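Since this is a predicted model, take the numbers as computed values, not measurements. Order of the sequence lines sets the chain letters (A, B, ...), proteins ahead of strands, with each chain counted from 1.
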Amino acid sequence: MNKFRSHNCNEVRKKDVGNEILLAGWINKKRDHGNLLFIDLRDNYGVTQCIVEKKNPHFRELEKVQLETVININGKVVHRSEETVNKELETGEVEVEIESFNILGTCKELPMPVFSDQEYSEEIRLKYRFLDLRRKKIHENIILRSKVISFLRNEMNKLGFLEFQTPILTSSSPEGARDFLVPSRLNPGKFYALPQAPQQFKQLIMVSGFDKYFQIAPCFRDEDARSDRSPGEFYQLDLEMSFVEQEDVFKVVEKLLVNTFKKFSNKKLLFEDFPKISYSDALLKYGSDKPDLRNPLVIEDITEIFSRDDVSFEIFKKLVKSGSKVRCIVTKNTKDKPRSFFDNIDKWAKNEGASGLAYFTIDKDKKIVAKGPVGKFFSEDALKEIIKKTKAEVGDSIFLSCDKQKELERITSLARDKIAKDLDLVDENIFAFCWIVDYPMFEKDEETKKINFSHNPFSMPQEDIEKINFDNPLEILAYQYDIVCNGVELSSGAIRNHVPELMYKLFSIAGYSKKQVDDKFSGMINALSYGAPPHGGIAPGIDRIVMLLANEKNIREVTMFPMNQNAQDLLMNAPSEVTENQLKELNLILKLKK
RNA sequence: GGGGGUGUAGCUCAGUUGGUUAGAGCGAUCGCCUGUCACGCGAUAGGUCGAGGGUUCGAGUCCCUUCACUCCCGCCA
């Protein structure tokens, strides 16, 4: 037995009654009855109630000890009387009669309470993260994170994947996010970049013949934060496999995620075989490439209805003539919803920058009619056509929006969420996974009209090289895929392009010369010329997986030491200024914007 | 870079139409209390109302500027 403790704070049970024990931990809570003092002692494992009476010579001293002071006590384990058993506590049938104690770590007046369910500002939580992390919920989240990572690592090992580390100081790449740069002392004027992902390294590992690789990989991207996106750094379960097709990757990852989510959550999985939705379908049916499939609402395109002569909705008809589209969302059996339900949604849409959401409800007397402000614009035949197209029924309502495709996707996607929320259609108690597949290789920047890679420039186009129509680059689809769960993008992956000539060709479409490709991707393009196996992989985001499992809406709740929105670490005071000498060694001169 | 929200005691918050000395709970300090588990009771201390400027006889409250935190857009192969 060591000098601090014989048991942890969640171990003592009835069987220990009568024994002298040593406990160590933080003072979670005191209840001082004047002649009787209760002390809840807390550690990583739990809480044990300790008790001391006035006759004990240490009583006065213990009464004065601050909360969150670290002490150890020795004392005798005793039964609690039946009325005083605490069922909330695993150790609640017993308590420890303190005989003596030591203060191991004193505690000043707390800037924020530890034992409290109150919420605190991020600022104080991050500044005193070590206190925040003592609190039950986040403490458990971080433990969950550890367990999830161990589990993933173990599963990967079982599947025959080898874990390798890849460099943290590497080279800047032209595609993708902004890099974090590190100046090189030995190479004046040159910079390393922190890896945005070990993308090129994992491909090199495949070219090196290792067959199956994984890593719990830190990734660094200098982009602005969101609630589900830490500034600076995050972790991926990075994996890559040789001699695989898309389906082989799917099989591995699907099973891995199903096992993980079943093990660490009680929520139901809506699909154990993840549905595969093409990128273009996703944008049509959900307005987004990260649809929340818990939401049953689906968007339908009914543009063609507005070229009919028996539809007199002139505003939409005019817009359609000039290239806009009309899409709609059908809500089941909403004919008895009050006017305010519809008007609120219309008002909400206007607030979101749309021109509003038109709506009508399908009803039937002798014939099918549309009720609502725009109902009168549709003939019975037109309504029948809409019903056929959207599978709507009498009693359903239809919300319509008309705009240019991109804006229309944006607003219908938001409307889908909003309407589902108002109608309470989303079951919070399930996980709905899906694959988004068939991403286009390229996209057009609407402003510059330039063709860019839409996702990963190293992805393999789907056609045979000879059949690819390079004159229509926007039509080229790639073996590129995402996993989405409950509307959260969890991973991105691809079958990689391992053919150098094809790589040069694709980069040339995005405006890179052969020389630029050779310069920027020298390691990889060179490696591909010396016997590269076909290979592919994916990289599920660990922080987001844990966020979903912990039922949290913010990534900082599952990150031990996160930075704030301005990418500052308030605890360690980073980033910070450096000395003149450090700058000089690095051949740097600061020229700050005023 | 842009838009929204928030900012009052150590912490969480209230503060009316602009009106006397800015309040509560928790925490801290002191006192009382032998069965609590959010113990209870009493008292005390604790405030640049984020900062600066303006309007006004008078500003926590209205206006302008600015800062911090946060959410969103842009960005995130």
Describe the nucleic acid contact of [X] in one word from base, sugar-phosphate, nothing, applying a heavy-atom distance below 4.0 Å.
| X | answer |
| --- | --- |
| E88(A) | nothing |
| N28(A) | nothing |
| Y120(A) | sugar-phosphate |
| I51(A) | base |

Expected rows: protein N/O vs nucleotides 43-47 of chain B N/O, under 3.5 Å:
none

- Item | E175(A): partners by side chain to side chain contact (heavy atoms under 4.5 Å, CB included), with sequence neighbours left out |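 E175(A): side chain to side chain contact (heavy atoms under 4.5 Å, CB included) contacts with F453(A), P457(A), Y512(A).
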- Message: Once side chain to side chain contact (heavy atoms under 4.5 Å, CB included) is applied, do any residues pair with T91(A), and if so which ones, sequence neighbours excluded?
- Response: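 So T91(A) forms a side chain to side chain contact (heavy atoms under 4.5 Å, CB included) with N10(A), R13(A), T48(A), L89(A).
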Identify the pairs formed between an N or O of the protein and an N or O of nucleotides 26-32 of chain B at a distance under 3.5 Å, and give each distance.
residue : atom : partner : partner atom : Å
rU29(B) : OP1  : Q66(A)  : NE2          : 3.4

- Task: Applying salt bridge (Lys or Arg N to Asp or Glu O under 4.0 Å), name anything that partners D543(A), two or more places apart in sequence or on another chain.
- Result: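 Testing D543(A) for salt bridge (Lys or Arg N to Asp or Glu O under 4.0 Å), a comparison that skips the adjacent residues, returns R145(A).
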- Contacts of D32(A) that satisfy salt bridge (Lys or Arg N to Asp or Glu O under 4.0 Å) - sequence neighbours left out: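 Checked D32(A) against salt bridge (Lys or Arg N to Asp or Glu O under 4.0 Å); zero matches.
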- Task: Please list, by residue number, the residues of residues 510-523 of chain A whose heavy atoms come closer than 4.0 Å to an atom of RNA chain B; answer none if no residue qualifies.
- Result: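 Output list: empty, so none.
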- Message: Any residue in residues 39-50 of chain A with a heavy atom nearer than 4.0 angstrom to RNA chain B? Just list them by number, or reply none.
- Response: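 Correct list: Q49(A).
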- Pick the P atom in rG25(B) and in rG40(B), then give their distance to the nearest Å.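 My reading of the P atoms in rG25(B) and rG40(B) gives 12 Å.
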- Quote, to the nearest angstrom, the P distance that separates rU70(B) from rU8(B).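 About 15 Å, rounded to a whole number of Å.
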Is the phosphate of [N] approached by [X] (side-chain N or O, under 4.0 Å from OP1 or OP2)?
| X | N | value |
| --- | --- | --- |
| R31(A) | rU36(B) | no |
| N86(A) | rG35(B) | no |
| N566(A) | rC69(B) | yes |
| S121(A) | rU70(B) | no |

- Item | Pairs satisfying side-chain hydrogen bond (donor to acceptor under 3.5 Å, both in side chains), at least one member in residues 480-491 of chain A, at least two apart |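 Output for this query lists Y439(A)-D482(A), S459(A)-Q480(A), D482(A)-S492(A).
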- Can you run down the side-chain hydrogen bond (donor to acceptor under 3.5 Å, both in side chains) pairs that involve residues 106-119 of chain A, sequence neighbours left out, and say none if there aren't any?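 side-chain hydrogen bond (donor to acceptor under 3.5 Å, both in side chains) check on residues 106-119 of chain A returns S116(A)-Y120(A).
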Side-chain donor or acceptor of [X] under 3.5 Å from a matching atom on the base of [N]?
| X | N | value |
| --- | --- | --- |
| R80(A) | rC37(B) | yes |
| R229(A) | rC76(B) | yes |
| E95(A) | rG35(B) | yes |
| R556(A) | rU70(B) | no |

Base-pairing assignment for [N] (Watson-Crick or G-U wobble, both under 3.5 Å):
| N | result |
| --- | --- |
| rC30(B) | rG42(B) |
| rG35(B) | none |
| rC69(B) | rG5(B) |
| rG74(B) | none |

- Query: Stacking here means centres under 5.5 Å and planes under 30°; does H33(A) stack on rU36(B)?
  - Reply: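 It does not: the two rings, one from H33(A) and one from rU36(B), miss the stacking criterion.
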- Item | Inter- and intrachain pairs under salt bridge (Lys or Arg N to Asp or Glu O under 4.0 Å), touching residues 500-510 of chain A, at least two apart |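 Residue pairs with at least one partner in residues 500-510 of chain A: there are none.
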- Task: Output every pair passing salt bridge (Lys or Arg N to Asp or Glu O under 4.0 Å) with a member in residues 508-520 of chain A, not counting sequence neighbours, ordered by first then second residue.
- Result: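 Sorted pair list: K514(A)-D518(A), K515(A)-D519(A).
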- Query: Closest to the Q568(A) side chain: rC33(B), rC69(B), rG10(B)?
  - Reply: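 Selected nucleotide: rC69(B).
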- Message: Closest approach to the side chain of R226(A), judged atom by atom: which nucleotide of rC72(B), rC37(B), rC76(B) is it?
- Response: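 The listed nucleotide nearest to R226(A)'s side chain is rC72(B).
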